[in-house]
Asks: 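Below you will find the structure I want to go over with you.
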Amino acid sequence: MCGIVGAIGTQNAESILLDGLKRLEYRGYDSAGMATLDAHQTHIRKAVGKLGALASLLKERPCPGSVGIAHTRWASHGRPNEINAHPHQFGPITIVHNGIIENHAALKKDLLAQGHQFESDTDTEIVAHLIAQFKKEYPTDFPKAVSKALELIHGAYALAILDQDSPDTLIGVRQACPLVVGLGNGENFLASDFPAVLSHTRRFMVLEDGDMAILHKDRVQVQNIHGEIQTRTPITLDWSPATAEKGGFKHFMLKEIFEQPQAVIDTLRGRFSLGDLELVLEGLQTDLLKNIQQITIVACGTSYHAGLIAKRLIEELAQIPVEVDLASEFRYRNPLIRTSHLVIGISQSGETADTLAALVLAKSKNAQLVALCNVVDSAIARLCNTSAGTFYTRAGPEISVASTKALLTQIIALYLLALLLAQQRGLLHAQTLEKHLDSLYQLPLLLEAALKQEPEIRQTAKRLAQSENILLMGRGLLHVAALEGALKIKELSYIHAEGYPAGEMKHGPIALIDEKMPVLVLAIQGMNYEKTLSNLEEIKSRGAQVFVVCNETDHELRQAYPNALLIPTCSPYLVPALAVLPLQLLAYHLADLRGLDVDQPRNLAKSVTIE
Ligand code: F6R
């Protein structure tokens with residue numbers, strides 16, 4: 001949830017840390033802070049609000065030194081104010097933290113009984129006290145003091161720690177919260193996420209749970225809390241720093257919406273061998289999928305919507321029954337899972353706490369697990385790699401809190417998985433497979449065509465920008481697109497929006513319809529079209545303001561609704577991928593017209609690593 005950056009080298013750390021925080025701001029943004037070490041002195045600066053507040057403070061009072069740690073906070077313990085902002089210091093120890101120390105209350109009670117006093121309401125400050133306490137026992141062994149403190153704490157955390165008495169050392173610890181080590185030349189880095197330090201290095205070591213990384217400017221050692229050396233093989237990322245920038249767009253979200261054609265190309269790349277008509281889903285132990293009799297998909301938010309689309313694809317193509325569950329429900333309902341079950345976890349970040357917990361539960365019931373993730377080597381990916389494997393979406397870094405290109409690539413990856421399962425069961429003739437792949441390979445061009453409508457979509461957004469409610473209706477896979485459109489509108493524009501199956505209209509929501517209610521109907525030929533047209537008539541006759549998403553070849557609807565949002569004609573399985581695109585743009589422009597913070601909507605964070 002929060003963002004951590006650390007740096008140790010010979011350059012001034014302040015600018016590296018501030019730049020890193022800017023790139024991590026999406027992880028949390030109620031306050032930010034930084035600490036550096038210089039001549040055995042710790043310099044701490046903190047500010048509430050956006051990063052600009054910290055940047056202004058640093059102009060007045062710079063942080064000197066070439067080793068430091070920094071943090072953006074999304075409050076989980078204590079109000080978002082300057083005292084609770086990280087870093088937290090006690091004695092020589094300064095610390096930043098992402099996650100939750102679950103036994104913080106008991107630890108605090110013990111420390112209070114020993115006479116300790118606390119400044120903040122955070123669980124983090126307790127860790128600083130514990131380490132400082134052990135430093136008294138091991139005054140020249142900073143890593144040992146950290147290890148001893150770690151033996152006492154339970155929970156999910158990533159920590160970056162400085163010791164005023166060891167200015168040539170920076171320590172990072174990972175336990176169920178993301179933390180990577182960036183390997184530079186004469187300098188090394190810590191970060192919650194790769195983009196934070198991509199402008200300094202592309203070589204990373206991904207830490208595992210229980211790892212403690214001891215960074216010096218010229219070397220890094222990873223050990224566990226018992227001091228045993230751990231080998232972590234560095235990986236090299238081909239993401240350029242520019243990939244993680246806005247690239248000329250007003251917001252990351254708009255940039256990411258426009259990246260979708262390329263993202264789909266990247267997802268498809270190399271995953272099909274033309275010669276022998278074979279699907280190449282690297283990362284999956286496909287043999288383990290041959291005898292699967294039932295599938296459950298677990299996910300949250302937008303990723304859950306990808307799961308709803310996958311249900312239709314897998315059931316129709318591979319004839320395997322599929323259940324889709326919200327991970328937050330699945331994990332608490334004692335689900336019926338058998339060994340012949342495959343449980344698929346879908347998660348852009350790969351760190352979503354509920355999805356991870358749902359998969360851990362499924363594993364305890366001996367199901368096969370598959371992860372569909374975007375972030376490489378994330379917690380969910382690593383869990384599933386101990387089972388049937390992880391398939392990556394390759395959407396590239398998604399910075400905007402609202403998920404867009406991740407969804408598109410999830411749909412494509414799940415389509416490929418459905419084809420593989422169908423092929424394994426002898427249900428897919430070569431010719432049919434070729435047809436499916438043809439339509440997949442055409443999708444980027446169709447997405448490009450759909451994106452050209454952005455100016456018209458902004459006009460539609462202008463008509464809707466003052467609305468208090470919007471109803472979105474569709475049938476079948478278009479109902480899923482309506483659900484996703486409503487989620488995007490809610491989270492970005494703060495307009496109340498509901499996605500509803502159009503066939504359910506008469507069972508309740510029709511009561512909401514009057515001239516004040518804008519209703520957006522998704523009516524695509526070949527997809528229960530006539531039934532949807534009847535719903536459209538019923539809505540219109542009640543005086544509602546009607547908006548339509550239809551095919552560009554649908555001359556009748558275009559004549560009746562000249563401002564209709566248009567999508568190119570494509571295979572029914574790909575319609576939801578195309579239909580969500582104008583809805584993403586609509587939500588984006590509604591938020592932008594209402595002057596809202598598009599990339600960081602209120603109360604939301606990109607990785608929901610706690611419940
Ligand atoms: C909506 C959105 C969220 C995420 C959800 C799951 O735009 O971004 O609903 O889809 O929090 O996140 P991941 O996919 O990272 O597990």
Side-chain angles (χ1 to χ4, degrees), residues 1 26-28 74 177-178 192-193 251-254 256-257 260 263 297-310 324-331 343-360 370-384 390-411 413-414 480-495 497 499 580-581 583-588 590-591 596-611:
M1 212 65 82
Y26 63 92
R27 297 178 70 95
W74 192 79
C177 279
S192 303
D193 204 351
H251 295 100
F252 280 113
M253 181 183 177
L254 194 58
E256 286 159 11
I257 291 174
Q260 293 183 111
I297 298 178
V298 290
C300 301
T302 289
S303 296
Y304 170 74
H305 296 152
L308 294 175
I309 294 167
V324 191
D325 213 340
L326 290 161
S328 53
E329 293 293 325
F330 178 91
R331 66 181 287 194
V343 177
I344 304 175
I346 308 175
S347 176
Q348 184 286 129
S349 61
E351 300 287 345
T352 299
D354 283 323
T355 310
L356 181 59
L359 289 165
V360 170
V370 159
L372 183 64
C373 291
N374 188 41
V375 177
V376 176
D377 229 14
S378 48
I380 289 173
R382 275 184 281 128
L383 172 72
C384 294
T390 299
F391 190 42
Y392 287 111
T393 47
R394 302 186 187 151
E398 196 178 56
I399 305 291
S400 165
V401 164
S403 194
T404 53
K405 61 177 179 169
L407 171 69
L408 255 284
T409 55
Q410 284 166 350
I411 297 171
L414 288 160
V480 184
L483 289 175
E484 173 60 11
L487 176 61
K488 286 287 164 291
I489 292 172
K490 272 191 273 243
E491 68 178 323
L492 292 163
S493 70
Y494 316 150
I495 296 173
V580 293
L581 193 137
L583 304 181
Q584 293 169 344
L585 283 169
L586 182 64
Y588 169 80
L590 283 171
L596 299 171
D597 190 344
V598 176
D599 284 332
Q600 295 174 352
R602 66 185 180 203
N603 305 335
L604 291 175
K606 186 69 183 161
S607 312
V608 186
T609 52
I610 52 175
E611 269 186 87

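Worth knowing before you read on, the calculation uses all heavy atoms, side chains too, and leaves out hydrogens, waters and symmetry mates. None of the values given here were measured: they were computed from a predicted structure. Numbering of ligands and ligand atoms starts at 1, following listing order.
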Asks: Considering T404, T302, T352, which one's heavy-atom position lies nearest to atom 12 (O) of ligand 1?
Replies: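 That would be T352.
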Asks: Does any N or O of ligand 1 fall below 3.5 Å from an N or O anywhere on S303, backbone included?
Replies: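 Yes, since at least one N or O of S303 sits under 3.5 Å from an N or O of ligand 1.
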Asks: Between Q410 and S303, is any side-chain donor less than 3.5 angstrom from a side-chain acceptor?
Replies: yes
Asks: Return yes or no for this condition: an N or O of Q410 is under 3.5 Å from an N or O of ligand 1.
Replies: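 No.
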Asks: With backbone taken as N, CA, C and O and side chain as the heavy atoms from C-beta onward, which portion of E491 lies under 4.0 Å from ligand 1: side chain, backbone, both, or neither?
Replies: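 E491 to ligand 1: side-chain contact only, backbone stays beyond 4.0 Å.
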Asks: Need the ligand 1 atom indices (1-based, order shown) with element for anything under 4.0 Å from a heavy-atom of A402.
Replies: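 So the atoms of ligand 1 that pass are 7 (O).
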Asks: Closest non-hydrogen protein atom to atom 6 (C) of ligand 1, residue and atom name please, with distance?
Replies: C300 O, 3.4 Å
Asks: Closest heavy-atom contact between C300 and T355?
Replies: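 Distance-wise, the nearest heavy atoms are SG-OG1, 3.5 Å.
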Asks: Take every heavy atom of K488, measure it against each atom of ligand 1, and state whether any distance is under 4.0 Å.
Replies: yes
Asks: Any chance you could measure L407, atom CG, to N374, atom CG, to the nearest 0.5 Å?
Replies: 11.5 Å
Asks: Would you mind listing which atoms of ligand 1 come within a distance below 4.0 Å of any non-hydrogen atom of V401?
Replies: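 It comes down to these atoms of ligand 1: 8 (O).
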Asks: What protein heavy atom lies closest to atom 15 (O) of ligand 1? Include the residue and the distance to one decimal.
Replies: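 Nearest neighbour among protein heavy atoms for atom 15 (O) of ligand 1, to 0.1 Å: S349 OG, 2.7 Å.
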Asks: Tell me, please, which residues at least two apart from R394 pass side chain to side chain donor-acceptor pair (under 3.5 Å).
Replies: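 E282.
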Asks: For side chain to side chain contact (heavy atoms under 4.5 Å, CB included), just list the numbers for T393 and Q348, CA-CA rounded to whole Å, side-chain angles, deciding distance to a tenth of an Å, and then say yes or no.
Replies: CA-CA 8 Å; T393 47; Q348 184 286 129; over 6 Å; no
Asks: Looking at CD1 of I380 and OG1 of T352, how far apart are the two atoms once the value is rounded to the nearest 0.5 Å?
Replies: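 Going from the CD1 atom of I380 to the OG1 atom of T352 covers 5.5 Å.
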Asks: Check contact between V375 and ligand 1, using heavy atoms of the residue and a distance below 4.0 angstrom.
Replies: no
Asks: Who are the side chain to side chain donor-acceptor pair (under 3.5 Å) partners of T302, not counting sequence neighbours?
Replies: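 Side chain to side chain donor-acceptor pair (under 3.5 Å) check on T302 returns E484, K488.
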Asks: Quick check: does L487 get an N/O under 3.5 Å from an N/O on ligand 1?
Replies: no
Asks: Please report which non-hydrogen protein atom sits nearest to atom 11 (O) of ligand 1, along with the residue it belongs to and the distance in Å to one decimal place.
Replies: V608 CG2, 4.2 Å
Asks: Under a 4.0 angstrom heavy-atom cut-off, which atoms of ligand 1 come close to S347?
Replies: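 Answer, ordered by atom number: 13 (P), 14 (O), 15 (O), 16 (O).
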Asks: Could you check C384 against V370 for side chain to side chain contact (heavy atoms under 4.5 Å, CB included), going step by step and ending with a plain yes or no?
Replies: CA-CA 6 Å; C384 294; V370 159; 5.9 Å; no
Asks: Rounded to the nearest 0.5 Å, what separation is found between the OG atom of S349 and the CD atom of E398?
Replies: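 That separation rounds to 9.5 Å.
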